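Side-chain atoms are counted along with the backbone in the values below, which use heavy atoms only and exclude waters and symmetry mates. This is a predicted model, so every value here is computed, not measured. Below, chain A is the first sequence line, B the second, and so on; all start at residue 1.
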Number of protein chains: 2
Amino acid sequence: MAKETKPAKAGAPMSSSHRAHAQLREQLLRSKFLPGQKINEVEIATSLEISRTPLREALNRLVAEGLLVDRGRGFSVPGLEPEMVFDLFEARVEIECATVRLACERAEETELEGLSDFLKESMAESPDASVDRLIELDIRFHDTIAELARNKVLRQTLSNLNDRIHLIRWIAMEGRRERTQSQHREILDHIRARDTAAAIAAMREHILHRNEDILEAIKAAYGHVYTRSSA
Amino acid sequence: MAKETKPAKAGAPMSSSHRAHAQLREQLLRSKFLPGQKINEVEIATSLEISRTPLREALNRLVAEGLLVDRGRGFSVPGLEPEMVFDLFEARVEIECATVRLACERAEETELEGLSDFLKESMAESPDASVDRLIELDIRFHDTIAELARNKVLRQTLSNLNDRIHLIRWIAMEGRRERTQSQHREILDHIRARDTAAAIAAMREHILHRNEDILEAIKAAYGHVYTRSSA
DNA sequence: AAACGCGACAGTGCATACACATTGGAATAC
DNA sequence: GTATTCCAATGTGTATGCACTGTCGCGTTT
């Protein structure tokens, strides 16, 4: 399950701009660039060993995805403006709830069993897994639900929103390991019981939704990012 | 001397790639290109009187927005695959309902009054307005609700979804003029009464949601588009 | 006549070059 | 010492050229 959404050949030699897009997305998720930082095209082009032309094509895609912003002259990493982060989390809640509802209607028993097995395995390795690994598992759980909702647009939208709040989720994951796991279990159980209302309620509770909590995560994110950069 | 801030927003002299993006989006919404059609870069670059470099940057943004697709070698207009259109409408329903709910909680009385006035004016000019004009009014109504929901991400997402189903909406608008208007009125009245459940229900009913209806609109769209192209 | 081959063409993907804007700093004036 | 002006350096936005690849037409072969 949770196959990647690339129907193209696996190790096929993709174009430079596609590779650049994928690599930059990865680096942005990993906070290689700081919020608000300006993007130096020649520097990145050099580091990726390509020219500026395909690089700029990738940058333009990232802008359309909200992973970069276009400031008339040059690109930069979006800042962590609280209002925007609030909006992103709120939008995520709405879409996650929609996918949960649809998954309740459409998921097959065997698929839910598979997801249950996945959760069991996740819980086994959870205690001593890295935060990166935990996030990976978390994303996989939510993406699988979106897959079971049978709506590619919602799934894609959700994936994009998650990209844009990756850092904050990363920060907030610390100290919520067991809580996250048990909530996942609860959500899944409600889906398996086809209790749509309960599943939605659990999902709504599961996602960071209190603005104070989000704000705290934002502050922690700043701390994390700057100590890391100065280290 | 301290100069005032630059006109970064309005009709400022935007870059070629930005202009190209705006113009192409417009042309795509107006179905200047047929579903599935391949994009010839030199031809379009010539027609827009720019070179291929900024054009390709615009094309890449449009791909990220789902208004074009990237087929390994070259770009093309997305086809009207029913599954994708179903997904788009379904996603739209979910997000519209989310914005209606939020608008119910957050909109101020004066704002709702303004929207009511807008509807009244729309109804006045409705009987003999062009379909283009009707769509414009329709979009404005829904976008205003999204604005009242106070969530830029949801609003932006909605705008993008609406772009992607613009043709189908255009087709389906014919013969639904009064129905659309009265449903808008109904939705707004529920919002003003802060009756969230009723507002959501009305919105859900308002948006094209039966797959048979959508399929019919798709067929009509093909007819529309091909007769128009051969004319 | 059909199949094959091949050469010219069309069209994309990328690198490079250039024009222009912005910025930082040094030199100079006050 | 501060302010100002000018120039160099930096960096973006766009045009152009080139290489490569897929395609189509036409002639050759059997």
Side-chain angles (χ1 to χ4, degrees), chain A residues 6-9 11-25 27-28 32-34 36-65 67-79, chain B residues 1-25 27-28 32-34 36-65 67-79:
Chain A
K6 237 2 197 175
K9 288 126 206 183
M14 282 176 97
S15 71
S16 295
S17 70
H18 286 96
R19 278 200 313 273
H21 176 268
Q23 294 181 250
L24 283 176
R25 171 178 174 273
Q27 294 181 352
L28 285 165
K32 174 163 178 184
F33 307 97
L34 284 74
Q37 178 182 345
K38 291 206 298 187
I39 294 296
N40 185 324
E41 297 178 9
V42 293
E43 182 183 334
I44 296 182
T46 303
S47 86
L48 298 182
E49 298 180 294
I50 59 177
S51 79
R52 285 178 53 226
T53 306
L55 170 62
R56 281 178 59 89
E57 294 186 3
L59 294 175
N60 273 286
R61 288 205 190 192
L62 291 167
V63 166
E65 293 164 0
L67 292 177
L68 289 179
V69 292
D70 182 336
R71 332 190 284 116
R73 209 164 293 321
F75 304 91
S76 59
V77 181
Chain B
M1 57 178 107
K3 269 291 180 192
E4 273 307 308
T5 57
K6 305 243 167 176
K9 286 214 164 93
M14 284 176 95
S15 69
S16 296
S17 68
H18 286 99
R19 278 200 313 274
H21 176 268
Q23 295 182 250
L24 284 176
R25 171 179 174 272
Q27 294 181 352
L28 285 165
K32 174 164 177 181
F33 307 98
L34 284 73
Q37 177 182 346
K38 291 206 299 186
I39 294 295
N40 185 323
E41 295 178 11
V42 293
E43 182 183 333
I44 296 182
T46 304
S47 86
L48 297 183
E49 298 180 292
I50 59 177
S51 79
R52 286 177 52 225
T53 306
L55 171 62
R56 281 177 60 88
E57 294 188 1
L59 293 175
N60 274 285
R61 287 206 190 190
L62 291 167
V63 166
E65 293 164 1
L67 291 177
L68 288 178
V69 293
D70 183 336
R71 328 191 289 112
R73 202 164 304 314
F75 305 91
S76 58
V77 181

From NZ of Lys38(A) over to P of dT12(D), roughly how many Å is that when rounded to an integer?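 Computing the Lys38(A):NZ to dT12(D):P distance gives 8 Å.
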
Kindly give the heavy-atom pair with the smallest separation between Leu67(A) and Arg25(A), and that separation in Å. CD1-CG, 4.2 Å

So if I define the base as every atom that isn't primed, P, OP1 or OP2, how would nucleotides 11-16 of chain C read as a B/S/- string at a heavy-atom cutoff under 4.0 Å? SBBSBB

Check whether any side-chain heavy atom of Val42(B) sits under 4.5 Å from a side-chain heavy atom of Asn40(B), and report yes or no. yes

Side-chain contact test, heavy atoms from C-beta onward, threshold under 4.5 Å: evaluate it for Glu43(B) versus Thr46(B) and give yes or no.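 They are not in side-chain contact.
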
His18(A): which of Arg61(A), Glu57(A), Gln23(A) passes side-chain contact (heavy atoms from CB on, under 4.5 Å):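 Exactly one pass, corresponding to Arg61(A).
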
If we count only N and O atoms by modelled type, under 3.5 Å, do the side chains of Asn60(A) and His21(B) hold a donor and an acceptor together? no

